[in-house]
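The structure appears below as structure tokens.
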Amino acid sequence: MPASFRPHYHISVPFGWGNDPNGFIFYKGKVHLFYQNFPHKPEWGPMHWSHVATEDFVHWEQRPEALYPDKPYELVCGCCSGSTIEKDGRLYLLYTAAQPMMQRQCIAVSDDGDHFEKDPGNPILTAEMLSTEIYEEDFRDPRVIRRGDTYYMLTGIRYLEGGIRKEHAPADQRETTNPLQPAPEHKKEGWGNLCLLKSTDLYNWSYVGHLLYNQSELDQDFYRLDGVYECPDYFVADSGDEVLISSPQNLPRSGDLYQNIHSVLYMIGHLDFDTGRFEVKKVEEVDSGFDFYAAQTVKMPDGRVIMTAWKEMWDRSFPTRAEEWAGTYILPRELTVEDGQLIQRPVREIVRCRRDPVRVPQLEADGNEVSVPGISGNVIELKFTLKPGRSKRAGVKLFCDQDHETLLYYDREEGLIAFDRKNSGEKITGNDEDVDRRVCAIGKKESIEFDLFLDVSSLEAFIDGGRHTMTGNVYPDPEKATGIKFFAVGGEASFEGLEKYDIE
Ligand code: FRU
């Protein structure tokens, strides 16, 4: 078999295309994950829902395809994103039947978690049935939750202020790979927002209101978004904090923030279930890397909140297309809120996959690069604590071979972590200002913990105890690029408590 970019312990689409994770749920003893899939080609096409299931978040089994577009109301975009919920032992799947000028919600039901029956009354829900405030062209990605006896649905919308349809600035001329984005010649109305709906039976829904409004914690850009807050998610953390996650399209870049064309945000605050208003206390980006979108969470019976996400980004090239597939998903992450901040940790089950530990108590670098026997590989976990000392920059070079390297380092003067894939391997192109470097401001630190997961063409960095994460794909030679070097520039730095594990 020729060397492949396919990761070993991350979910990847077997053949064809995959985007958003959908319907993430614990049902009948297993965790089920569905994802947006076009099984015929490695590019977006009429959407199917593919299905995988797991008992440990690491080993996934392929299940039969859950949905495929076979109804007239699903023409031409298919069965777009959504969620699942259990009711009286049955699994209810809510999804968007998307057409270029109309997006409507549908329901399908299953008794075994594998076979879904679409409701004859589909689409059960249209913008028109609810409110003149919802623009029917952008009303998608239902996320259903239960509170007591009531079901609530969050969806991404374009919100028409006062229900009055008005023109706004023309969409720019950007080309996009996402068919649900504004086409350049078509002026979309309203602004990106989210709405809250409510129901007692999952079939009949009424409009509660829209979530985002002018408030002191929210800059204009957030409620004057020329796009949609795609793929909303909501959970209450153990700390009692309410967390709203969503993926705003086209959120303007602001300094070091929102460096990708499309972002994933978490907002901590309070959702008023009577009005739909979300009072925002804090807004932050979930991940500061390159490839992270459409995050969704599941609440486990043991109380953990686990997040998955698409480990790719729209409007970029996909080098794996040459292998007839495109689409990977993050290693699931455990979410908590600590001191008002979202903390992300690799799902604890991954520890069971560690093999052949190599431990080094301490390593110094001072204006040079250091490698250590036994610390190498590209399907590994690598942990260490960086003491930046007097260095200007210190960190690690990963996926190294003679020609390529991927950099992750702390810039002490700037107080930031940089992930640099300029010389990683196969070039990535995209509509971003810069597709090769992402930074994450962490401020002045004497000591920074890194927990890195390398998987052939994938890097996930958990930084400073999960206070920050940086995720991105790189495309070096899958067989040769296994070197690891520690480095410090402009002074000495030390690396402590190094641990390397093969992941199997
Ligand atoms: C987000 C998204 C969703 C939509 C789906 C279509 O990536 O645009 O809003 O439902 O992809 O595949």
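Counting starts at 1 for both ligands and their atoms, in listed order. As the structure is a prediction and not an experimental result, all values here were calculated from the model.
To the nearest 0.5 Å, atoms OH (Y207) and CG (L196) are separated by 9.0 Å.
Heavy-atom proximity to W314, at under 4.0 Å, picks out these atoms of ligand 1: 1 (C), 7 (O), 11 (O). Near C80, meaning under 4.0 Å from any of its heavy atoms, are these atoms of ligand 1: 6 (C), 10 (O). Using a 4.0 Å cut-off to heavy atoms of Q36, the atoms of ligand 1 that qualify are 5 (C), 6 (C), 12 (O). Taking every heavy atom of S81 and a limit of under 4.0 angstrom, the matching atoms of ligand 1 come to 5 (C), 10 (O). Every atom of ligand 1 is numbered from 1 in the order shown, and the set under 4.0 Å from a heavy atom of D141 is 3 (C), 4 (C), 9 (O), 10 (O). The distance from ligand 1 to the heavy atoms of N19 drops below 4.0 Å at these ligand atoms: 5 (C), 6 (C), 7 (O), 11 (O), 12 (O).
Residue contact annotation: T96 has no non-hydrogen atom under 4.0 Å from ligand 1. Under the 4.0 angstrom criterion for non-hydrogen atoms, Y293 is in contact with ligand 1.
Neither the backbone nor the side chain of W310 has a heavy atom within less than 4.0 Å of ligand 1. Neither the backbone nor the side chain of A294 comes within 4.0 Å of ligand 1, counting heavy atoms alone. Under 4.0 Å from ligand 1, not a single heavy atom of V228 appears.
Considering K311, R316, R438 in turn, R316 is the only one that fulfils the side-chain hydrogen bond (donor to acceptor under 3.5 Å, both in side chains) rule with D291.
Salt-bridge check for D233 with R143: passed, with a basic side-chain N closer than 4.0 Å to an acidic carboxylate O. A salt bridge is absent between R158 and E189: the closest approach of a Lys/Arg side-chain nitrogen to an acidic carboxylate oxygen does not fall below 4.0 angstrom. The residues D287 and R333 are annotated as salt-bridged, a charged nitrogen and a carboxylate oxygen being separated by less than 4.0 angstrom.
Residues T328 and S458 fail the side-chain proximity criterion, which asks for heavy atoms closer than 4.5 Å.
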Please tabulate, one pair per line, all N/O donor-acceptor pairs under 3.5 Å involving side-chain atoms of residues 85-93, not counting sequence neighbours.
{"unit_1": "R90", "atom_1": "NE", "unit_2": "D111", "atom_2": "OD1", "d": "2.8"}

